[in-house]
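These notes are about the structure you will find just below.
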Amino acid sequence: MSLELGLDTFGDIANGPDGEPLHPAQVVREVLAEGQLADQLGLDFFGIGEHHRPDYAISAPDTVLAALASTTERIRLGTSVTVLSSDDPVRVFERFSTLDALSSGRAEVTVGRGSFIESFPLFGFALEDYEVLFSEKLDLLAHLLTEQPVLWEGTIRPPLQVDQVMPGTEGGRIPTWVAVGGTPQSMVRAAAYGLPVVVAIIGGPARQFAPLVDLYRRALVQAEQPEQPLGVHSPGHVAATDEQAREEYLGPFVEYMNRLGRERGWAPMDEVRALEQLGPDGAAYVGSPETVARKIADTARLLGLSRFQLKYSMGHLPHEQRMECIRLYAEQVGPRVRELLAP
């Protein structure tokens, strides 16, 4: 089976040599260098997530992607994710069709509701409209993606009648994915529009998502939509050995999960629970190239993946370790995954 290998980052605010958090501007520049390295090493996709909180430096991923479009040659450039609920579908189309022009057809967009809610008050949206905002905006975006005249009406904005939204793409369509966190409704909705999905597996084993993936594929058939690609987004880190990878990753991972847990009322994560997530049945792909490659190949076979996206940034994990992770992922993990998946 053929599997694309990609990378995702949220522009996590790492610590500098003095142990203090870096300025967000420095983090943005580091992400640019990481995307350029991914392109040079032949990886398939580089995704940047949108966030509006102090943990992350990137609130406008399409701007960073535009910089990458002019400094890379072949890697596909997209988001992980664009928070469609608090955005304007027309502007999303315009920004990414422009990125498509700048990158000579390498732009993608992954839309979702995001895992945080800061963008709602920031842009003047009410949380009680959480569901209707996403469902109606996805419907409007689906119409815009056809690059045909649009006559649309909903409840969240005035009706839209437009013959053309500029600029159109040379290929006729922006590749658009829907990010899902594992709810059946999200899977069925994406299938109804004939859109591929990226499943965010950030806790527990991949096998628990097999029933949802099967539901998605059955929903495509029932909606009379063609077969679509399927991706997985999961955190991870690659180093020379399993021990080194765990040593580098464990501290940032535990610190981040406990910071998030305090916001959401989760029980504290200790080292034992963290190591479970880093193990064979956990959501994190952490270890030597051989360990990570085997885990990716197992997930790809289990779910029938078209793409695997490693979220390689984590909390205060420093730039140098992220760059080495990217190098090992491209030069050693990728070839080994292809060997393992070969007929």
Side-chain angles (χ1 to χ4, degrees), residues 1-9 34-35 37-49 72-81 105-110 175-180 182 187 190-191 194-202 204-214 216-217 220 226-238 245 280-313 325-343:
M1 63 185 292
S2 176
L3 180 71
E4 294 182 348
L5 289 180
L7 292 166
D8 288 337
T9 179
E34 290 156 12
L37 178 63
D39 177 65
Q40 293 163 12
L41 296 175
L43 288 168
D44 298 299
F45 174 79
F46 192 77
I48 303 177
T72 58
E73 295 182 357
R74 60 166 301 277
I75 197 166
R76 297 197 63 81
L77 303 168
T79 49
S80 299
V81 301
R106 292 183 285 130
E108 298 185 2
V109 59
T110 300
T176 301
W177 303 63
V178 177
V180 298
M187 290 290 197
L195 294 172
V197 299
V198 180
V199 183
I201 302 180
I202 56 176
R207 63 176 177 272
Q208 72 185 17
F209 290 83
L212 286 165
V213 168
D214 180 63
Y216 169 68
R217 293 193 166 114
L220 283 170
E227 184 177 350
Q228 297 294 329
L230 179 80
V232 157
H233 155 106
S234 283
H237 180 63
V238 191
D281 288 328
Y285 292 67
V286 175
S288 67
E290 179 68 17
T291 296
V292 173
R294 287 189 174 277
K295 192 168 180 178
I296 290 173
D298 288 345
T299 300
R301 281 190 290 260
L302 175 68
L303 300 180
L305 296 186
S306 306
R307 180 187 288 172
F308 181 86
Q309 297 169 204
L310 183 77
K311 198 271 183 177
Y312 68 93
S313 60
C325 170
I326 292 169
R327 187 187 67 79
L328 291 171
Y329 183 66
E331 295 181 346
Q332 297 188 35
V333 174
R336 183 60 176 139
V337 169
R338 287 190 285 273
E339 287 180 3
L340 291 167
L341 295 179

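For clarity, every value in this text was computed on a predicted model and none was experimentally measured. Note that these values count all heavy atoms, side chains included, but never hydrogens, waters or copies made by symmetry.
For Asp44 (side chain) and Leu5 (main-chain N/O), a donor-acceptor pair under 3.5 Å exists by modelled atom type. One N or O on the side chain of Tyr329 and one on the backbone of Gly6 form a donor-acceptor pair closer than 3.5 Å. In terms of modelled atom types and a separation under 3.5 Å, the side chain of Arg336 and the main chain of Arg294 share no donor-acceptor contact. Judged purely by atom type and a 3.5 angstrom limit, Ser80 has no side-chain atom pairing as donor or acceptor with the backbone of Gly49. No donor-acceptor pair under 3.5 Å is formed between the side chain of Gln228 and the backbone N or O of Leu195. In terms of modelled atom types and a separation under 3.5 Å, the side chain of Thr79 and the main chain of Thr110 share a donor-acceptor contact. In this structure, the side chain of Lys295 does not engage the main chain of Ala297 through any donor-acceptor pair within 3.5 Å. Checked by atom type and distance alone, the side chain of Arg307 never pairs as donor or acceptor with a backbone atom of Leu3 at under 3.5 Å.
For the pair Leu41 and Glu331, the tightest heavy-atom approach, listed with the atom from each and the gap, is CD2-OE2, 3.5 Å. Smallest separation of non-hydrogen atoms from Arg76 and Pro175: NH2-CG, 3.4 Å. Nearest heavy-atom pair across Ala283 and Ser234 is O-CB, 3.5 Å. The minimum heavy-atom distance between Tyr216 and Val197, with the atom names listed, is CE1-CG1, 3.7 Å. Here the shortest heavy-atom pairing between Cys325 and His237 reads CB-ND1, 3.7 Å. Pairing each heavy atom of Arg74 with each of Leu43, the nearest pair is NH1-O, 2.8 Å.
Atom CD of Glu339 sits in a crowded spot, with more than 12 heavy atoms from other residues, nucleotides or ligands closer than 6.0 Å. Counting heavy-atom neighbours within 6.0 Å of Glu227 CD, excluding the residue itself, gives a total of 12 or less. Around the CG atom of Leu37, the shell of radius 6.0 Å holds more than 12 heavy atoms that belong to other residues, nucleotides or ligands.
Put simply, the side chain of Val199 does not reach to within 4.5 Å of the side chain of Leu212, judged on heavy atoms. In this structure, Tyr285 and Thr299 have side chains that are in contact, with non-hydrogen atoms separated by less than 4.5 Å. Asp298 has its side chain out of reach of Pro280: every pair of non-hydrogen atoms, C-beta onward, lies at least 4.5 Å apart. Contact check for Ile201 versus Leu303: side-chain heavy atoms found under the 4.5 Å cut-off. Side-chain contact check for Glu34 versus Ser313: every heavy-atom pair is 4.5 Å or farther apart. When side chains are defined from C-beta on, Gln332 does not count as touching Val238, because their heavy atoms never get closer than 4.5 Å.
Rounded to the nearest 0.5 Å, atoms CG (Asp39) and CZ (Phe45) are 13.5 Å apart. Distance check: Ile296 CD1 to Leu340 CG gives 10.0 Å after rounding to the nearest 0.5 Å. Note that CD of Gln40 is 10.5 Å distant from CD1 of Ile326, once rounded to the nearest 0.5 Å. We find the NE2-CG distance between His233 and Leu7 to be 11.5 Å, quoted to the nearest 0.5 Å.
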